[in-house]
J.: 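Input: one structure, supplied below.
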Amino acid sequence: RDRRRGQLRALTLRQQQLQIELEVRSAARELERLTKSIELQRKAVDIAEQQRQPGQGGRRCARARRRFVHAATRHEAAQ
């Protein structure tokens with residue numbers, strides 16, 4: 001009976017271990033997805049800045065970039 005109880009305990013621990021590994025892999029994928037998204041958004045902002053014509057919306061673009069960089073910095077600090 002004790003042997004059976006030990007086997008069940010070992011099985012439960014293994015199931016918990018597998019569940020934790022699954023959650024860690026999922027979190028790593030999500031972090032990678034967010035990182036790629038931030039990189040793409042930074043590139044898009046850079047391209048938009050390069051394409052804008054002088055005197056048209058310069059202040060708005062600069063404000064948008066500051067907001068984006070601030071949000072990206074908060075995300076990176078949370079990692």
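From a predicted model like this one, the values you see are computed outputs, not experimental measurements.
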J.: When you check the side-chain N and O atoms of Q19 and E23, is any donor under 3.5 Å from an acceptor?
T.: yes
J.: Should R9 and T12 be marked as a side chain to side chain contact (heavy atoms under 4.5 Å, CB included) after you check the CA-CA gap, both sets of side-chain angles, and the distance that decides it?
T.: CA-CA 5 Å; R9 217 175 283 141; T12 300; 5.7 Å; no
J.: Between Q17 and E21, does a side chain to side chain donor-acceptor pair (under 3.5 Å) hold up when you go through it step by step?
T.: CA-CA 6 Å; Q17 179 184 6; E21 289 173 4; 3.3 Å; yes
J.: Is a donor on one side and an acceptor on the other found under 3.5 Å between the side chain of T35 and the backbone of L31?
T.: yes
J.: What's the verdict on side chain to side chain contact (heavy atoms under 4.5 Å, CB included) for L11 and Q7, showing C-alpha distance, side-chain angles and the deciding distance?
T.: CA-CA 6 Å; L11 181 59; Q7 289 173 338; over 6 Å; no
J.: Say you draw a straight line from CG of L13 to CG of L18; how long is it, rounded to the nearest 0.5 Å?
T.: 11.0 Å
J.: Which other residues belong to the hydrophobic cluster containing V24, where Ile, Leu, Val, Met, Phe, Trp and Tyr are joined when side-chain heavy atoms lie under 4.5 Å apart, directly or via other members?
T.: I20
J.: Salt bridge (Lys or Arg N to Asp or Glu O under 4.0 Å): which pairs involve residues 25-37, sequence neighbours left out?
T.: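 Output for this query lists E30-R33, E32-K36.
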